[in-house]
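Since we're looking at a predicted model, the values are computed, not measured. Side-chain atoms are counted along with the backbone in the values below, which use heavy atoms only and exclude waters and symmetry mates. Both counts, for ligands and for their atoms, begin at 1 and track the order of listing.
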Amino acid sequence: MIRMEAVTKRYPDGTVAVDGLSLEIPDRSITVLVGPSGCGKTTTLRMINRMVEPSEGSILLDGADIRQQPVNTLRQSMGYVIQNAGLFPHRTIVDNIATVPRLLGRGRQEARARARDLMERVGLDGSLARRYPYQLSGGQQQRVGVARALASDPPVLLMDEPFSAVDPVVRKGLQDELLRLQEDLGKTIVFVTHDIDEAVKIGTMVAVLRTGGRLAQFAPPAELLSDPADSFVEDFLGADRGIRRLSFFPSDGLDLLTSPVVAADAPAEQIAARTVADLPYLLVTDPEGRPLGWSEPGRLAAGGADAAGAGLLPYGRPFVAGRDSLRAALDCAVLSPTGWAVAVDPDGRVTGVASQQSIGEAIRGAHAAGRPEEPEAVR
Ligand code: ADP
């Protein structure tokens, strides 16, 4: 565990970047430092690998002061990833990743083999190995940066705004990839961002800092959203806090109705039997049970649907029952032309439909049951 004890950093010009910060960073989880620009996030991160020395206070790694070991040994135990990846422009991708193992005395072949393994791990195609950084997209370069930081298999990974320079779609992909990678690797990750949505998405614990390097709140994301410590944290979390908190409530307790679900080629008597009192539509599926769209029962009985779903109302975006959150279920219901959400299994087959009312009841039930599940968030 990394433990910061009343750490203060005063730069030579008198700027107090971090002020009396105490934090316990748990092992094998992602701790995010978030806050507005200039609040001391980067300074805090750099004090952990001693690129910046604290003016006061101490930082302990597994109980020992980090000043007790040689700085090189400390840094070998900590991978470091920065914005724009910071790759060596004149080295190929494979040699960029192999840099640290080579410095640590591994043979070229062994280091390159390890680099190729890591490329695969971070989702980079092996065909990119011989390219140079400028021949890669921003998102690919960031993956190389992560692979390079992992090359010596350090227990700690320090990441400073690693995804800030890429567009939102690539950024989401990199975040998902990091979460997947972390499930396999279980590193102790300290991650700096100014983006609260990123913090809430990837953090196991989130430290919100305010200007002057003071800790405003340190809590799991769901708790930040439900109980912001003060108006600064509340403002920083921004609008839709209640809706966003629903991301942490699982959808598996949701009441799903299967009776209004019918195959496109169902006989007329079956269609009549499927009609539900407060739903003037039926959800039509293909023979495999995948959703095609909504239809009024009368139209369907009169041959209103073909196998491609022509003539049906769109079913919107379904949610995966049990895997997706109540936020996803509510979103589906709000977007659905009938007001009902379509639930599917991981293979895309319909498992039932849920009304806005039943989703509302599940939300009330989840609130009444107390806090959402921690630490694993449902996305
Ligand atoms: P953040 O990462 O949250 O944007 P930083 O840790 O980079 O914040 O900076 C915190 C404060 O310290 C800012 O006011 C910044 O201007 C100041 N600062 C950072 N580095 C130095 C330095 N080397 N000398 C003087 N002031 C610095």
Side-chain angles (χ1 to χ4, degrees), residues 2-25 29-61 66-67 71 74-75 78-86 138 141-142 145-146 149 156-166 168 171 174-175 178 187-221 224 228-238:
I2 300 168
R3 193 179 159 119
M4 310 193 77
E5 292 182 339
V7 172
T8 292
K9 175 61 191 182
R10 208 174 293 106
Y11 283 110
D13 67 357
T15 306
V16 177
V18 177
D19 190 5
L21 181 64
S22 295
L23 267 188
E24 283 194 3
I25 295 168
S29 59
I30 303 180
T31 298
V32 179
L33 307 175
V34 67
S37 177
C39 70
K41 305 180 293 291
T42 295
T43 300
T44 302
L45 193 76
R46 289 184 177 180
M47 286 193 287
I48 298 175
N49 68 0
R50 294 185 62 192
M51 286 170 71
V52 172
E53 295 287 354
S55 313
E56 289 162 35
S58 45
I59 301 175
L60 311 182
L61 177 62
I66 57 172
R67 285 170 292 204
V71 75
L74 179 77
R75 289 193 192 148
M78 297 180 173
Y80 187 50
V81 187
I82 56 172
Q83 194 178 341
N84 291 320
Q141 290 185 24
Q142 251 356 101
V146 173
V156 176
L157 208 53
L158 306 177
M159 308 184 81
D160 193 353
E161 302 255 7
F163 308 147
S164 297
V166 294
R171 184 171 185 156
L174 289 168
Q175 291 164 350
L178 179 68
K187 301 286 181 192
T188 301
I189 298 178
V190 189
F191 188 109
V192 163
T193 180
H194 60 265
D195 177 351
I196 186 66
D197 289 324
E198 183 165 75
V200 164
K201 176 173 175 182
I202 68 163
T204 316
M205 290 293 287
V206 178
V208 184
L209 301 179
R210 66 172 91 235
T211 310
R214 306 177 82 112
L215 184 63
Q217 188 166 6
F218 187 45
L224 276 188
D230 56 24
S231 57
F232 169 78
V233 180
E234 193 168 359
D235 286 349
F236 193 66
L237 285 165

S.K.: What part of Thr42 sits under 4.0 Å from ligand 1 if we count only heavy atoms: the side chain, the backbone, both or neither?
M.R.: both
S.K.: Say whether, by atom type as modelled, one donor and one acceptor occur between the side chain of Arg50 and the main chain of Arg75 under 3.5 angstrom.
M.R.: no
S.K.: Could you check whether any heavy atom of Gly40 sits closer than 4.0 Å to an atom of ligand 1, since that is the contact criterion I want to use?
M.R.: yes
S.K.: Can you list the ligand 1 atoms lying under 4.0 Å from a non-hydrogen atom of Cys39?
M.R.: 1 (P), 3 (O), 8 (O)
S.K.: Got a protein heavy atom sitting under 4.0 Å from atom 2 (O) of ligand 1?
M.R.: yes
S.K.: Taking Asp230 first and then Arg210, would you say they form a salt bridge - that is, a charged N and a carboxylate O separated by under 4.0 Å?
M.R.: yes
S.K.: May I ask you to test the Met159-Leu178 pair for a side-chain heavy-atom distance under 4.5 Å?
M.R.: yes
S.K.: What do we get for Asp13 next to ligand 1 when only non-hydrogen atoms under 4.0 Å count, side chain, backbone, both or neither?
M.R.: side chain
S.K.: Using modelled atom types only, decide if a donor and an acceptor are shared between the side chain of Lys41 and the backbone of Leu209 within a distance under 3.5 Å.
M.R.: no
S.K.: Can you name the nearest heavy-atom pair linking Leu23 to Leu215, along with the distance?
M.R.: CD2-CD2, 4.0 Å
S.K.: Is the closest N or O pair between Ala17 and ligand 1 shorter than 3.5 Å?
M.R.: no
S.K.: Does a side chain donor of either Thr193 or Asp195 reach within less than 3.5 Å of an acceptor in the other side chain?
M.R.: no
S.K.: Could you tell me the residue and atom name of the protein heavy atom closest to atom 16 (O) of ligand 1, and the distance to it rounded to 0.1 Å?
M.R.: Thr15 CG2, 5.0 Å
S.K.: Would you mind listing which atoms of ligand 1 come within a distance below 4.0 Å of any non-hydrogen atom of Thr43?
M.R.: 5 (P), 6 (O), 9 (O)
S.K.: Can you see which heavy atom on Pro36 is nearest to which on Phe232, and at what distance?
M.R.: CD-CZ, 3.9 Å
S.K.: Write out the residue and atom name of the closest protein heavy atom to atom 4 (O) of ligand 1, then the distance separating them to 0.1 Å.
M.R.: Gly38 N, 2.7 Å
S.K.: Tell me whether atom 13 (C) of ligand 1 lies less than 4.0 Å from at least one protein heavy-atom position.
M.R.: yes
S.K.: Which atoms from ligand 1 have a heavy atom of Ser37 less than 4.0 Å away?
M.R.: 4 (O)
S.K.: With a 3.5 Å distance limit and no angle check, can you tell me whether Glu5 reaches the backbone of Gly20 through a side-chain donor-acceptor pair?
M.R.: no
S.K.: Identify, for atom 26 (N) of ligand 1, the protein heavy atom at the shortest distance, and state residue, atom and that distance.
M.R.: Tyr11 CD1, 3.3 Å
